[in-house]
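One structure is given below, encoded as structure tokens.
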Amino acid sequence: MRDAAPQTIYLSDYTAFGWRVEQVSLHFTLAPSATRVRSRIAFAPNADAPAQPFFLHGEALTLISARIDGQDITPDVTAEGLTCTVPDSAFVFEAEVEIDPAGNTALEGLYMSNGMYCTQCEAEGFRKITYYPDRPDVMAVFDVTIEGDLPVLLSNGNPVSTAQGRAEWHDPWPKPAYLFALVAGDLVAHPGSFTTRSGREVALNLYVRPGDEGKCAFGMQALKDSMKWDEDVYAREYDLDLFNIVAVDDFNMGAMENKGLNIFNSSAVLASPETSTDMNFERIEAIIAHEYFHNWTGNRITCRDWFQLCLKEGLTVFRDSQFTADMRSAPVKRISDVIDLRARQFPEDQGPLAHPVRPDRFQEINNFYTATVYEKGAEVIRMLKTLVGDEAYAQAVQLYFDRHDGDAATIEDWLKVFEETTGRDLAQFKRWYTQAGTPRVSVAEDWADGTLTLTFTQSTAPSAASPDPQPQVIPIAVGLIAPDGAEVATTRVLEMTEATQRFAFDGLAQRPVASILRDFSAPVVLDHPDADPAHLLAHDTDPFTRWEAARTLARRSLLAQIRDGAAPDEAYLDGIHRVATDRSLDPATRALMMGAPGQSELAGVLAEHGETPDPMAIHAALEDMRAAMAARFGGDAMMLYAENTVTEAYAPDAAQSGQRALAGVMLSLMTRGDNGTAAQAQFDHADNMTQKLGALAQLITAGRGDAALAAFEDRWRDDRLVMDKWFGLQVARAQPDDAADVAQRLTAHPDFNWQNPNRFRAVFGTLAMHHAGFHHASGKGYALLADWLIKLDPLNPQTTARMCSAFQTWKRYDTERQKLMKTQIDRILATPGLSRDTTEMLTRIAGA
Ligand code: ARG
Ligand code: ZN
């Protein structure tokens, strides 16, 4: 079934639903291609809503029968739903529908994955299960009965009864339909338990397919840590007797916070040292926390409409970032988040897909689960906390929980608790939610008579979403470092509200070096021509700005190399060598400092300056930089490698991960000199995936990866998650000329199951991120991706549409590449029956 003609939905058109739902009973009789769903829904008129026809969403449903108050009715049914006449007072609507989980390749609604039934209803998937007002502001208590010949039958809430082939569930907490979940399959439970601070015992289960039992312990611990942390830091306690997590192999996103029954992409929960990298462990811990934290920020308080998505996502991402900072290293987490923001959110904000953190229109809401809504949404909350202070933040959030528990709320509600708590007017701050684009902040320094004056100017480029951007409230954290390296002014937060604004620091004996935007206090691009990054790299006390100083030096060197063919900057190489051998810095921070900006980030910087990035020149500059670094380090690389080799048993904690990260950077330097000898030794002896994969990457780079790749495949061919890494790594490490060919060759591999989103992304997501390979001058990268997006779209529009963002930067490049990309965009758009998801994405990318 195809989507109807695209229709734009506007925030300004919001109206309440005309009825309240008092109670919902659902009865499922499971069968792979003919599942029957019987519903009984008690409606009562909503006096607060305008008069409207009675309409229930419903898509891809076969209506068997419908009744109102026991009388058969014949509703008007369209591809979008059902309309019928209803009584003026309360009534009971009943329906029976048939659906086809086995034929559901879109992985939205009720579908099957490896013989197991599962659901994904956010945002608008419940309408593919039965007729219902599928909107987040309609909340109801659900009772669910599942009949099916499978050992495990799960739904939300608490179990009422379980028998062979039949289970009944009751969820006492009113919830919107997008939080509904059902799972049925041959699953095994990894059990656990948690005692809440008020002494209630909660049973925990991590359900997995037989064979995956050994990959559950870490996730279970992460869940317990999250439950404890949310009690300690946000005073939030869990509210059911049971909390279940299920791992599913076929899943469009990372995970889903369904009430009491979280469903996870198996890549976001299954972990073991032999099969998962340090980065996998950290990500899994964060996602488990994220979904758990949604129980309050998302479930108990949900969103009035999907425009308010950031209300739950921005806040929950911010909360999970605080959790990770507490569990691991706060500076390392902050720096990693900024790297991620620049890689994923800045291109969005600076290109044709730019949209506000709270968008005001959409065609397909699934296209707005973006880095802007999630990650920039979290940055906005971080700024709010910086501006009002920790104590007021805590008070305002508690007020939010007290006042809005059980509500479907808005950003206005959220800001109001801060205004009431602090007495501040947040009207201007609200622009962070309503205005698209990344502000650029320039700072000029003026030194006279012991006073340093900083003049800040902010501007945001106009975009289709925000043609006339206004000045934002920008918290700018500043400290001052004296020429001898001493900190003469500790961090002070300047609050910028005007287009141009001056701040003075007086009583200074000597002209200091300004350390600006400490801790990345606002999601802006900073332009500071008077900066002295070499001094800050040596002496800054703020871990973020110290890291940023290394980044600035690297960026300057790379830009000079690209623009003028300059050699890698000696001052940078000196500084980075000194930092790498500075044992007073933890290994994780040193590893981060050695990272150079990515190729795509450099292309973005050039484009911002009105220059046309040449992907091959960018690639070559980074290669030269790494070669120069290897030369500069010489034997120190091997010394640092040895020094950071972990001898204790593997643990995925921050300390060990940091050591392995630094050793991994050193291995990459060593490989330039030894043609992979050290990498081969590491590959042969490693007992964990972090080091195996790190060594394999180096062997491929050294041109001697074939034997190791074959051995790796042999060892892991039955493990999907590990094989995803095998597929991805070959594309990631391919030479620019070969990347598209390697990807194409891998699509012929018998295990290239392209309908599995993880596998599809392992090949094509990686190709899209291989800057020089994807942007190969021949256009073969573009054409290959387009071929496969056209193939995937009719089966899985969501994953197809998300991957279209590979083309979002097309206007940055030379006219030849622009033409090649535009040809592919137009070719996809011309595909008959293209989904609403992909049509919207590509239409926005192509521009008006
Ligand atoms: N609410 C989920 C999370 O952030 C994401 C689910 C989005 N799914 C979708 N199909 N758009 O944890
Ligand atoms: Zn979320």
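All values below were derived from every heavy atom in this structure, side-chain atoms included, with hydrogens, water molecules and symmetry-related copies excluded. Counting starts at 1 for both ligands and their atoms, following the listed order. Given the structure is predicted, the values throughout are model-derived calculations rather than measurements.
Among heteroatoms of the N, O or S kind in His294, NE2 lies nearest the Zn ion (ligand 2). Per residue His290, closest N, O or S atom to the Zn ion (ligand 2): atom name NE2.
A cation-pi geometry, defined here as NZ or CZ lying under 6.0 Å from the six-membered ring centre and within 45° of its normal, does not hold between Arg135 and Phe17.
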Ring pair (Phe, Tyr, Trp, His ring centres under 6.0 Å) between Phe362 and Phe307, intermediate numbers included:
CA-CA 8 Å; Phe362 63 76; Phe307 297 103; 4.8 Å; yes
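Proximity of Ile9 to Asp13: side-chain heavy atoms (C-beta onward) are nowhere separated by under 4.5 Å. Side-chain contact check for Val248 versus Met116: some heavy-atom pair is nearer than 4.5 Å.
For ligand 1, the protein residues within 4.0 angstrom (heavy atoms only) are Gln120, Glu122, Met253, Ala255, Met256, Glu257, His290, Glu291, His294, Lys312, Glu313, Asn366, Tyr369, Tyr374, Gln798.
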Could you list the donor-acceptor pairs under 3.5 angstrom formed between side-chain atoms of residues 398-409 and any protein atom two or more places apart in sequence or on another chain?
residue, atom, partner, partner atom, Å
Gln398, OE1, Arg236, NH2, 2.8
Gln398, NE2, Tyr234, O, 3.0
Arg403, NH1, Glu420, OE2, 3.3
Arg403, NH2, Glu420, OE1, 2.6
His404, ND1, Asp407, OD2, 2.9
Asp405, OD1, Arg300, NE, 2.9
Asp405, OD2, Arg300, NH2, 2.7

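Using cut-offs of 30° and 60° on the angle between ring planes, the pair Tyr292 and Tyr238 is tilted.
Because the distance cut-off is set at 2.8 Å, Glu313 qualifies as a neighbour of the Zn ion (ligand 2) through one of its N, O or S atoms.
Under 4.0 Å is where a charged nitrogen must lie from a carboxylate oxygen, and between Asp413 and Arg304 no such pair does.
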